[in-house]
K.L.:
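Here you go, one structure.
Counting starts at 1 for both ligands and their atoms, in listed order.
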Amino acid sequence: MPLFNTKEMLKKACSQNYAVGAFNINNMEILQGIMSACNRLNSPVILQVSEGARLYAGSLYLVSLIKSAVKIFKDIPLALHLDHGRSFEMCKTCIEEGFTSVMIDGSHLPYERNVALTKAVADYAHKKDVTVEGELGRLAGTEENIDVENMETFYTNPKQVKDFIYKTNIDSVAVSVGASHGVCKFFKDQEPGLRFDILEKIHKSLENFPIVLHGSSSVDEEIIKKINLFGGKIKNTSGLTEKILKKAIAMGVCKINIDSDIRLVATASIREYMNDISPSSFDPRGYLGYARDKIEDIVAHKIEHVLGSKNKI
Ligand SMILES: [Zn+2]
């Protein structure tokens with residue numbers, strides 16, 4: 001199969017009440033772990049590349065790896081998606097490189113400017129059969145100093161969503177309903193969980209339009225313990241539980257972005273391998289191969305027990 005855009009993939013997920021996992025790719029082992037899990041469970045997948053990943057690995061390396069995955073896994077529907085594109089130029093460059101879907105993140109801009117930027121990208125992308133994700137409402141990053149009292153200004157305004165989609169002609173919308181990026185999803189004094197009241201209003205007003213949830217890692221305590229047991233120093237963590245994610249999927253979320261959980265499992269397994277399994281080894285294939293197996297396991301778990309995308313190819 002060629003690379004797909006996300007149109008049919010998300011439409012099917014929305015109508016059958018499951019979500020497609022969107023996993024961030026930074027190197028070969030991460031991609032291989034994800035693909036082995038999708039192949040084992042016959043799951044469609046969205047492979048995301050951020051601007052940071054492009055800088056780290058070089059876009060051509062990543063695109064070439066993903067095009068190789070298309071050849072190897074002929075039966076698995078794959079989309080190549082730009083995560084958090086910040087400018088029209090960045091989206092255009094990725095489309096020229098072969099991305100089949102882009103996110104234009106104008107969420108930091110005033111509403112009308114977000115609309116104008118997102119619409120410009122959608123107009124350009126649609127001519128090339130590329131799908132577009134827009135974002136309304138701001139997702140907090142853990143590095144930001146946020147006063148919980150002011151959280152309301154970060155949430156997506158349910159009354160604006162329909163207007164945003166209508167004016168921009170996007171194919172999916174990322175919403176801000178309480179989670180943030182990173183390994184600490186909830187700020188001090190913030191109730192852990194999502195604002196399901198807001199999500200429900202958005203879902204009702206959109207009638208099966210694809211809703212995207214960013215920052216959807218579960219940040220498993222056992223993985224954090226393992227990292228810290230083997231010399232890590234990761235503190236103040238909180239994630240979205242599987243129960244919360246399943247409820248969000250039942251409320252119309254059909255693309256779930258997961259990055260931190262893969263970073264954490266990779267870090268934990270490399271620390272474990274170097275400290276405990278084979279301290280005398282100095283072959284990167286040993287620890288990277290071990291991390292790749294663990295990435296496969298966590299992605300397979302999510303497909304089967306959280307996303308519900310098993311056997312949906
Ligand atoms: Zn994000």
K.L.:
Do you know how many protein N, O or S atoms are within a distance smaller than 2.8 Å of the Zn ion (ligand 1)?
P.N.:
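Protein heteroatoms (N, O, S) closer than 2.8 Å to the Zn ion (ligand 1) number 3.
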K.L.:
Tell me the closest heavy-atom pair linking I76 and N39, and the distance in Å.
P.N.:
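I76 and N39 have their closest heavy atoms at CD1-CA, 3.8 Å.
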K.L.:
Inspect the contact between K246 and E242 and indicate whether a charged nitrogen and a carboxylate oxygen are less than 4.0 angstrom apart.
P.N.:
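Salt bridge absent between E242 and K246.
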K.L.:
With a sphere of 6.0 Å drawn around CG of D197, does it hold more than 12 non-hydrogen atoms of other residues, nucleotides or ligands?
P.N.:
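Yes, the 6.0 Å shell around CG holds more than 12 heavy atoms from other groups.
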K.L.:
Is the shortest distance from a Lys or Arg side-chain nitrogen in K294 or E272 to a carboxylate oxygen in the other one below 4.0 Å?
P.N.:
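No, K294 and E272 are not salt-bridged.
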K.L.:
Ion pair present between K225 and E221, side-chain N to carboxylate O less than 4.0 angstrom?
P.N.:
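No, K225 and E221 are not salt-bridged.
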K.L.:
Tell me, please, which residues at least two apart from Y273 pass ring pair (Phe, Tyr, Trp, His ring centres under 6.0 Å).
P.N.:
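Y290.
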